[in-house]
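Proteins come first, then strands; the chains are lettered A, B, ... in the order of their sequence lines, and each starts at number 1.
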Amino acid sequence: MLTADIPPNQSIYIKNLNEKIKKEELKRSLYCLFSQFGRILDVVALKTPKLRGQAWVAFSEVTAASNAVRQMQNFPFYDKPMRIQYAKSKSDCITKADGTFVSRDKKRKQEEKVERKREETQGPNMANGPTSQNGAAPAPPFQPSGQEAMPPNNILFIQNLPHETTSVMLQLLFAQYPGFKEIRMIDAKPGIAFVEYEDDVQSSMAMQALQGFKITPQNPMIISFAKK
DNA sequence: AGCACA
């Protein structure tokens, strides 16, 4: 057993990412792809030699991270299967929120002190005022309706449409997103539709973008992956 | 393979 002994963490560590993707795009795509599991507080990706091809996604809940680790394991993302584990330590955005954040210089100084004066004392420099105020990412529309447990699929299932919705109307909305293929509606079942994309990444992006979109004020769209 | 955030 290799990597599975890392304890659960509300942040996940992703490796084997395609290193050709620019940092900003990568972060946006990860944000879209993973917000199906819960509220995302932060996405971190660096292109330094040590850290390229890796990223961290911090969720507001450990359970979201757990689902993401399981369901997105080996998910083909920019042509490479993602390898996902729990992160080894808490993200700064988390420790900042719970008040345990220690700035990096301070941490370095603390470690130096411990090394220099090994037996003198442990300086309780608890002068870390609640450094909270997390610059949290904008909250995506997310409905914990139990539907988000469905594994990714290139076909989306749309619910709560007004009965007068036509496929042309839906096409207008969904064709904005790359990979769009077709809308399917069933006359005998008003209020629902299926939308097909070329692959699961693209369907995920559209889902994230249009989740909760209101065709009428009473009809926020409920979008989930279709059952296989 | 590689666990950071300034």
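- The CD atom of Q54(A) sits 11 Å away from the P atom of dA1(B) (whole-angstrom rounding).
- Rounded to a whole Å, the CG atom of D42(A) is 7 Å from the C1' atom of dC5(B).
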Only pairs under 3.5 Å count here: list side-chain donor-acceptor contacts from residues 166-179 of chain A, not counting sequence neighbours, and write none if there are none.
residue : atom : partner : partner atom : Å
T166(A) : OG1  : M169(A) : N            : 3.2
Q176(A) : NE2  : L173(A) : O            : 2.8

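- Residues Q71(A) and F37(A) are in side-chain contact: their nearest non-hydrogen atoms beyond the backbone lie under 4.5 Å apart.
- Residue K228(A) qualifies as enclosed at atom NZ: its count of foreign heavy atoms under 6.0 Å is above 12.
- Applying the salt bridge (Lys or Arg N to Asp or Glu O under 4.0 Å) criterion to K88(A), with sequence neighbours excluded, gives no partner residue.
- Here dC3(B) presents its P atom at 8 Å from CH2 of W56(A), a figure rounded to the nearest Å.
- Contacts with DNA chain B (heavy atom under 4.0 Å) in residues 9-22 of chain A: Y13(A), K15(A), N16(A), E19(A), listed by number.
- Proximity of residues 79-89 of chain A to DNA chain B (heavy atom under 4.0 angstrom from any strand atom) is restricted to Q85(A), Y86(A), A87(A), K88(A), S89(A).
- Remark: N219(A) pairs with T216(A) by the side chain to side chain donor-acceptor pair (under 3.5 Å) rule, at least two apart or across chains.
- Side-chain atoms of S91(A) come within donor-acceptor range of the base of dA4(B), with a qualifying N/O pair under 3.5 Å.
- Qualifying salt bridge (Lys or Arg N to Asp or Glu O under 4.0 Å) partners for E198(A), counting only residues two or more places apart in sequence or in other chains: none.
- Computed from coordinates, the I6(A) CD1 to dA4(B) P distance equals 13 Å when rounded to whole Å.
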Side-chain polar contacts of residues 75-83 of chain A - donor-acceptor pairs under 3.5 angstrom, sequence neighbours left out - could you list them?
residue : atom : partner : partner atom : Å
Y78(A)  : OH   : E25(A)  : OE2          : 2.8
Y78(A)  : OH   : S29(A)  : OG           : 2.6
K80(A)  : NZ   : N16(A)  : OD1          : 3.3
R83(A)  : NE   : N74(A)  : OD1          : 3.0
R83(A)  : NH2  : N74(A)  : OD1          : 3.3

Counting only pairs under 3.5 Å, give me each side-chain donor-acceptor contact of residues 50-58 of chain A, with atom names and distances, residues two or more places apart or in other chains.
residue : atom : partner : partner atom : Å
Q54(A)  : OE1  : Y13(A)  : OH           : 2.6
Q54(A)  : NE2  : K50(A)  : O            : 2.9
Q54(A)  : NE2  : L51(A)  : O            : 3.4
Q54(A)  : NE2  : R52(A)  : O            : 3.1

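- Contacts of K90(A) with the nucleic acid, taken as non-hydrogen atoms under 4.0 Å apart, include base atoms.
- K27(A) has its NZ atom 16 Å from the P atom of dA4(B), to the nearest Å.
- In this structure, CG of D5(A) is placed 14 Å from C1' of dC3(B), rounded to the nearest angstrom.
- Between L51(A) atom CG and dA1(B) atom P there is a gap of 16 Å when expressed in whole angstrom units.
- Qualifying side chain to side chain donor-acceptor pair (under 3.5 Å) partners for K90(A), counting only residues two or more places apart in sequence or in other chains: D98(A).
- In this structure, L26(A) places its CG atom 16 Å from P of dC5(B), rounding to the nearest Å.
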